Amino acid sequence: MASQSVLTPQAEDFPRWYQDVVAKAEMADNGPVRGTMVIRPYGYAIWENIQSAIDLRIKAAGAQNAYFPLFIPESYLSKEAEHVEGFSPELAVVTHAGGELLAEPIVVRPTSETVIGEFMAKWIQSYRDLPLLLNQWANVVRWELRPRLFLRSSEFLWQEGHTAHATYDDAAAYALKIHLEVYNSFLEEILAVPTYLGIKPPSERFAGAINTMTCEGVMRDGKALQMATSHELGQNFAKAFEIYFQNEEGQAALCHTTSWGASTRLVGGLIMAHGDDHGLIVPPRVAPIQVVVLAVRDDEEVLSACDRIVKLLQAAGVRVTMDQGRGSFGRRITDWEIKGVPLRVEVGPRDLAQGVVTMVRRDNDEKVAITIDALASTASSLLETMQSDLYASALARRDAATTDTTTVGEALEIAQQGFARLPWSVVNGEGETTLKSQAVTVRCLQRPDGTMPSSDSEPGLVCLVAKSY
RNA sequence: CGGGAAGUAGCGCAGCUUGGUUAGCGCGCCUGGUUUGGGACCAGGAGGCCGCGGGUUCGAAUCCCGCCUUCCCGACCA
């Protein structure tokens, strides 16, 4: 019997589909306070895999992990004018503690440029202390008016990097290095999500930055999702927090700082970039479970074969779990599909009689019979194939969702379903206002060949516009 | 934060208009049995401060007020 769908089909109602998947795949729940999120073990396991892949790259880029406090004096925020202006609407402020009204309110960090700036000033004495390359894994709070699990929650988890450099060039180069070697590398190689790399137009810049670089993902409904950002902060924060160093000539000089972050939003991006009507599709390299070994029936011969197979896969370094064969077969398949486990190994009497197992790919439902001898090597290579196939199909969708155009009017129409690419000179100014009035924004600026511009004033830039999450 | 809709068992819902036995149904869950190659079946069972607080009333899931939460559309954002 053909199963009726468990999830709302994407084409019928994409946001509903998203919520269904998050709930049914046991990724997350809403917390009791509006906008808060409970991340369930399966969702958290994915996040942990994301974390370790990003952390590895951050360390390779030379930054060190540290931890700064959740509570920030309100006065710190005010030290950088644009920064405080950008963040004050979404701040959570503690006014009472220990049963008393506080003399100075305490802000729950929305990001940590300010506290870290304060300590950079203290720690940096000479050019020999530079560059100072820090990162922290933390939770932050930004009061959200329209929350969505993983995509926008009032409290979320992220990594925020903060660096100080002696020169503008060094700072700009480092922010770009993070953008490419940490974020883009992670997105392509691990999350299998192709993005548009570019810089934000001035209107979309981080509050207090002189340049913001972005990785804009294309979701399956054609909307954009900012998946990671890297900022050049110039000397704005250095001035506000007096981050000076003594240069080789013995003179005092202001540092140039950067900051960059990626959050639990990546989990939402993964869901919306790869998922289909049957549920999640988790790329093998981030999948907490890469292979599920499914006993077709609950009998001794089948189960002991499954046991053997699990051990073979574990020995080959595959993250594998076993489904004991209780309950109906179809039901169990559906459940694993919703969770997006890349490979399913079905083991039943019919397979065993022929000395094989059936291996099924989650992304294209392709089934192959594999001898048990060849199982581990086939699984490993199929996982790698799937990883690159997922990237390739996401890339094909990205390109199919993008249309070149020349006018703001056309761009508006295209942006109802996807991305429009057009000259920045056409949009810059009034065009941007027109787009915004219909919830369409400039996601990023690029050179015509798709590479990163060095600034928004470079001539001949194109922009990508879309609706966004 | 503005406009709309909604909150009844884990999930989806009926009941509310017209207040009145013990608040129902489907799925899921538990027990036993039969099953098992794409959401199985039979029998039995557990599970409810009807979102929270107040009011009206002899009596409130039902009527009134306030708050909280969720969803959709905007403005703000990783």
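Only a predicted model underlies this, so the values are computations on that prediction, with no experimental measurement involved. Just so we're on the same page: letters track the sequence lines, and every chain starts at 1.
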Query raised in the report: Considering every strand shown, what is the Watson-Crick or G-U wobble mate of G24(B) when both distances are under 3.5 Å?
Result: C13(B)
Requested in this report: Grab the CG-C1' distance between L151(A) and C76(B) for me, whole Å please.
Outcome: 16 Å
Query raised in the report: D29(A) near the nucleic acid: base, sugar-phosphate alone, or nothing, with a heavy-atom cut-off under 4.0 Å?
Result: nothing
Requested in this report: Would you indicate whether Q417(A), at its atom CD, is surrounded by more than 12 heavy atoms from other residues, nucleotides or ligands within a distance under 6.0 Å?
Outcome: no
Report task. Give the rounded distance in Å between these two atoms: CG of D335(A) and P of C27(B). Result -> 17 Å
Report summary line: Separation of G28(B) atom P from D20(A) atom CG, nearest Å, is 17 Å
Query - Gap between atoms CD and C1', on Q324(A) and U35(B) respectively (whole Å) - result: 18 Å
Report summary line: Considering only heavy side-chain atoms of P15(A), the closest of C77(B), C72(B), G37(B) is C72(B)
Query - Touch class at under 4.0 angstrom, heavy-atom based, for T111(A) against every strand present - result: nothing
Query - Residue S153(A), side-chain atoms from C-beta onward, closest of A78(B), G38(B), C77(B) - result: A78(B)
Query raised in the report: Quick one: is U70(B) close enough that its OP1 or OP2 comes under 4.0 Å of any side-chain N or O from R34(A)?
Result: yes
**Report entry** Which nucleotide in A78(B), U36(B), C77(B) has an atom nearest any side-chain atom of E90(A)
**Finding:** C77(B)
Requested in this report: Measure from the side chain of N30(A), starting at C-beta and using heavy atoms only, and say which of G37(B), U70(B), C77(B) lies closest.
Outcome: U70(B)
**Report entry** Under 3.5 Å on both distances, the Watson-Crick or G-U partner of A5(B)
**Finding:** U70(B)
Requested in this report: Using a heavy-atom cut-off of under 4.0 Å over every strand shown, decide if G327(A) touches base, sugar-phosphate, or nothing.
Outcome: base
Query raised in the report: So, H162(A) versus S259(A): side-chain donor-acceptor pair below 3.5 Å or not?
Result: no
Requested in this report: Would you indicate what G348(A) reaches in the nucleic acid, counting non-hydrogen atoms under 4.0 angstrom: base, sugar-phosphate, or nothing?
Outcome: base
Report task. For nucleotides A75(B) and G12(B), find the distance between their P atoms and express it as a whole number of Å. Result -> 29 Å
Query raised in the report: When the P atoms of A9(B) and G24(B) are considered, how many whole Å apart are they?
Result: 14 Å
Query raised in the report: Checking only heavy atoms, does the side chain of E346(A) share a donor-acceptor pair with the base of G38(B) at less than 3.5 Å?
Result: no
**Report entry** Exercise: do S203(A) and E432(A) side chains pair donor with acceptor under 3.5 Å
**Finding:** yes
Query raised in the report: When all nucleic acid strands are considered with a 4.0 Å heavy-atom cut-off, which category describes R146(A): base, sugar-phosphate, or nothing?
Result: base
Report summary line: Closest of C72(B), G38(B), G37(B) to the P349(A) side chain is G37(B)
Requested in this report: Send over the distance from M219(A) CE to A78(B) P, rounded to a whole Å.
Outcome: 16 Å
Query raised in the report: Would Q159(A) and N135(A) count as having a side-chain donor-acceptor pair, cut-off 3.5 Å?
Result: yes
Requested in this report: Answer yes when K436(A) and E204(A) have at least one side-chain N-carboxylate O distance shorter than 4.0 Å, and no when they do not.
Outcome: yes
Query raised in the report: Do the charged groups of D221(A) and K223(A) touch, with an N to O distance under 4.0 Å?
Result: no
Query raised in the report: What string of B, S and - do you get for nucleotides 42-47 of chain B 5' to 3' if you count protein non-hydrogen atoms under 4.0 Å?
Result: ------
**Report entry** Donor on one side chain, acceptor on other, W137(A) and D55(A), under 3.5 Å
**Finding:** yes
Report task. Considering only atom P, compute the distance from G66(B) to C1(B) and round it to an integer number of Å. Result -> 16 Å
Query raised in the report: What's the closest nucleotide to the D351(A) side chain, out of U36(B), G37(B), C77(B)?
Result: G37(B)
Query - Closest to side chain of D298(A), choosing from G38(B), U36(B), G74(B) - result: U36(B)
Report task. Check the distance between U35(B)'s C1' and R332(A)'s CZ and give it to me in whole angstrom. Result -> 12 Å
Report task. Can you tell me, in whole Å, how much space there is between the C1' of U8(B) and that of C52(B)? Result -> 14 Å
Requested in this report: Under 4.0 Å between any heavy atoms, over every strand shown, what does E155(A) touch: base, sugar-phosphate, or nothing? Just pick one.
Outcome: nothing
Report task. For G4(B) versus C42(B), give the span between their P atoms, rounded off to a whole number of Å. Result -> 47 Å
Query - C72(B) to G15(B) separation - C1' atoms, rounded to the nearest Å - result: 26 Å
Query raised in the report: Nearest-Å distance, CD (E26(A)) to C1' (G28(B))?
Result: 12 Å
Requested in this report: Report the base-pairing partner of G48(B) (Watson-Crick or G-U wobble, both distances below 3.5 angstrom), or none.
Outcome: none
Query raised in the report: Ion pair present between R205(A) and E232(A), side-chain N to carboxylate O less than 4.0 angstrom?
Result: no
Query raised in the report: So what does G269(A) hit on the nucleic acid, given a heavy-atom distance under 4.0 Å: a base, only sugar-phosphate, or nothing?
Result: nothing
Query raised in the report: Taking atom types as modelled, is there a side-chain donor on T214(A) or R443(A) under 3.5 Å from an acceptor on the other?
Result: no
Query raised in the report: Picking from A78(B), G38(B), U36(B), which would you name as closest to the side chain of R344(A)?
Result: G38(B)
Query - Phosphate-side-chain proximity, Q19(A) and C72(B), N/O vs OP1/OP2 below 4.0 Å - result: yes
Query raised in the report: A78(B) base stacked by F156(A)? Criteria: ring centres under 5.5 Å, plane angle under 30°.
Result: yes
Query raised in the report: Over how many whole Å does the gap from Y469(A) atom OH to G74(B) atom P extend?
Result: 11 Å
Query raised in the report: Quick one: does S263(A) reach the base of A78(B) with a side-chain donor-acceptor pair under 3.5 Å?
Result: yes
Query raised in the report: Under 3.5 Å, is there a donor-acceptor pair between the Y183(A) and T195(A) side chains?
Result: no
